[in-house]
Amino acid sequence: MIRLTFMTDARRVIGASTPEGNARRFALLPPALPQVMARLYAAAAVAVGGRSLAGAAQPVLRESAKYILATEPDPAAAGELAHAELCTNHIELVERFRDSEEELNVIGGLTVLRMFLHHAARLDIAETSADVPGDLVFDDWVTAGFDVTVVDEWEGGRTLRASRPEGAAARNKRNAMALYDVMFNWDRPRDAARLFLGDRYTQHNPHVADGPAAFVDYFERMAGEYPGKRVTFKRALAEGNMVVLHCHQHWPGDHDYAGIDIFRFDDAGRVVEHWDVLQVMPERSANPNGMF
Ligand SMILES: NC(=O)c1ccc[n+]([C@@H]2O[C@H](COP(=O)([O-])OP(=O)(O)OC[C@H]3O[C@@H](n4cnc5c(N)ncnc54)[C@H](OP(=O)(O)O)[C@@H]3O)[C@@H](O)[C@H]2O)c1
């Protein structure tokens, strides 16, 4: 199973994008936090984001990292790499640990947490009660279908545990978001099809032909034409073997869309049919509520 461990403040800020921002942030963290985090970090296999490792305040991360996530080997991190494996394709770890009994604890900043969110079975979150300044906000998890409980409280914050509900409906919701995320956000439609589509895939979107191969061809083309495109999930509903996702699609250089995707699943939790309805996000509205 994949578990994500991170700290956040009540506004869901998880970090800063500059070293100065990080220094300001670290100075305001509650004194109890390092001990809380060290407890949550413990696991047999730990994967750490390369950028986070470079600035890691916690030596425990340097010692326990088994996998370092980075697109390129970093000569400055050569010492760390000596006892850890460099992973340049996070999907390899997803495949290995997603449905395994063995636990992978993933630790990192925004990029890494987003890489694994839709594959994680559990999140452990140390949440400070004070605002801690920073510009990296990780709030995608709030709509990702976890049940959240408070595990304990300590001076300056509390520990939350977010777990997936049991059952086929929750599994299908998770698989729908994982399929979309791997295909759309990480531009790996071939991996998405192999991991989450059935052998037969009936398509109702008129731009795409039936079957996994047509899905791969279409989204490989979109990956080339729209680098940096991104989807976020606002709502997920499940009933029987169907899942409905309410999504915000961002296509750089083009319109943003509000979309409804409907997926039908087989009994093994693979997607076998898809419908969608898409609306260009309007510039004006008669109400102040936004599309979501
Ligand atoms: N709140 C928390 O618990 C927590 C924990 C750790 C860090 N942080 C904060 O988060 C910030 C850093 O966040 P970040 O998002 O910039 O970095 P990050 O998540 O720590 O690191 C992202 C890493 O992923 C690599 N990468 C990108 N795509 C990949 C792929 N498909 N497969 C494998 N690796 C891939 C990047 O490589 P390249 O470098 O080659 O692009 C980069 O090293 C800092 O402010 C830090 O303090 C917060």
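One-based numbering, in listed order, for ligands and for the atoms of each. Computed from a predicted model, the values in this text were never measured in an experiment. Below, all heavy atoms of this structure are taken into account, side chains as well, without hydrogens, waters or symmetry copies.
- Atom numbering of ligand 1 starts at 1 in the shown order; those under 4.0 Å from a heavy atom of Asn22 are 44 (C), 45 (O), 46 (C), 47 (O).
- Between Phe6 and ligand 1, no pair of N/O atoms sits closer than 3.5 Å.
- Which of Ser17, Gly49, Ser52, Gly21 comes nearest to atom 7 (C) of ligand 1 through a heavy atom is settled by distance: it is Ser52.
- Stacking of Arg270 on the aromatic ring of Phe196 is not recorded, the 6.0 Å distance cut-off and the 45° axial limit not both being met.
- Considering backbone and side-chain N/O of Met37, none are found under 3.5 Å from N/O of ligand 1.
- Residue nearest to atom 38 (P) of ligand 1, selected from Asp187, Leu136, Thr71: Thr71 (by heavy-atom distance).
- Distances below 4.0 Å separate heavy atoms of Ala16 from the following atoms of ligand 1: 44 (C), 45 (O).
- Taking the six-membered ring where the residue is Trp, Phe292 and His248 present parallel rings, their angle staying beneath 30° rather than reaching 60°.
- Atom 42 (C) of ligand 1 has its nearest heavy-atom neighbour, among Arg51, Glu92, His90, in Arg51.
- For ligand 1, the polar-atom distance check against Phe26 finds no nitrogen or oxygen pair separated by under 3.5 Å.
- For atom 23 (C) of ligand 1, the candidate residues are Val94, Ile107, Asn89, Leu69; the nearest heavy-atom contact is made by Leu69.
- Of the candidates Met115, Glu72, Arg188, it is Met115 that places a heavy atom closest to atom 24 (O) of ligand 1.
- Of all the listed residues (Cys87, Gly108, Ala70, Pro19), Gly108 holds the heavy atom that lies closest to atom 5 (C) of ligand 1.
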Side chains of residues 115-133: which donor-acceptor pairs under 3.5 Å do they make with residues two or more places apart or in other chains?
| residue | atom | partner | partner atom | Å |
| --- | --- | --- | --- | --- |
| His119 | ND1 | Arg98 | NE | 3.1 |
| Arg122 | NE | Asp124 | OD2 | 3.4 |
| Arg122 | NH2 | Asp124 | OD2 | 2.9 |
| Asp124 | OD1 | Arg161 | NE | 3.4 |
| Asp124 | OD2 | Arg3 | NH1 | 2.7 |
| Glu127 | OE1 | Arg158 | NE | 2.9 |
| Glu127 | OE1 | Arg158 | NH2 | 3.2 |
| Thr128 | OG1 | Ala130 | O | 3.0 |
| Ser129 | OG | Gly156 | O | 3.1 |
| Asp131 | OD1 | Arg11 | NE | 3.2 |
| Asp131 | OD2 | Arg11 | NE | 3.3 |

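- Salt-bridge formation is detected for the pair Asp187/Lys229: a Lys NZ or Arg NE/NH1/NH2 atom is positioned less than 4.0 Å from an Asp or Glu carboxylate oxygen.
- Among Leu4, Val46, Leu93, the one residue that satisfies the side-chain contact (heavy atoms from CB on, under 4.5 Å) test with Leu104 is Leu93.
- Where the criterion is an N or O separation shorter than 3.5 Å, residue side chain and backbone included, Gly109 meets it with respect to ligand 1.
- Using cut-offs of 30° and 60° on the angle between ring planes, the pair Phe215 and Tyr201 is perpendicular.
- Considering Ile14, Thr111, Thr8, Ile68 only, the shortest heavy-atom separation from atom 14 (P) of ligand 1 involves Thr111.
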Exercise for review: Evaluate the criterion side-chain hydrogen bond (donor to acceptor under 3.5 Å, both in side chains) for residue pair Glu273 and His204; output intermediate values, then yes/no.
Suggested key: CA-CA 8 Å; Glu273 192 164 5; His204 296 272; 2.6 Å; yes
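- Considering backbone and side-chain atoms alike, Trp186 places every N or O at 3.5 Å or more from each N or O of ligand 1.
- Remark: Phe265 engages no residue in a ring pair (Phe, Tyr, Trp, His ring centres under 6.0 Å) (not counting sequence neighbours).
- No continuous path of ILVMFWY side-chain contacts below 4.5 Å connects Met177 to Trp186, so the two sit in separate hydrophobic clusters.
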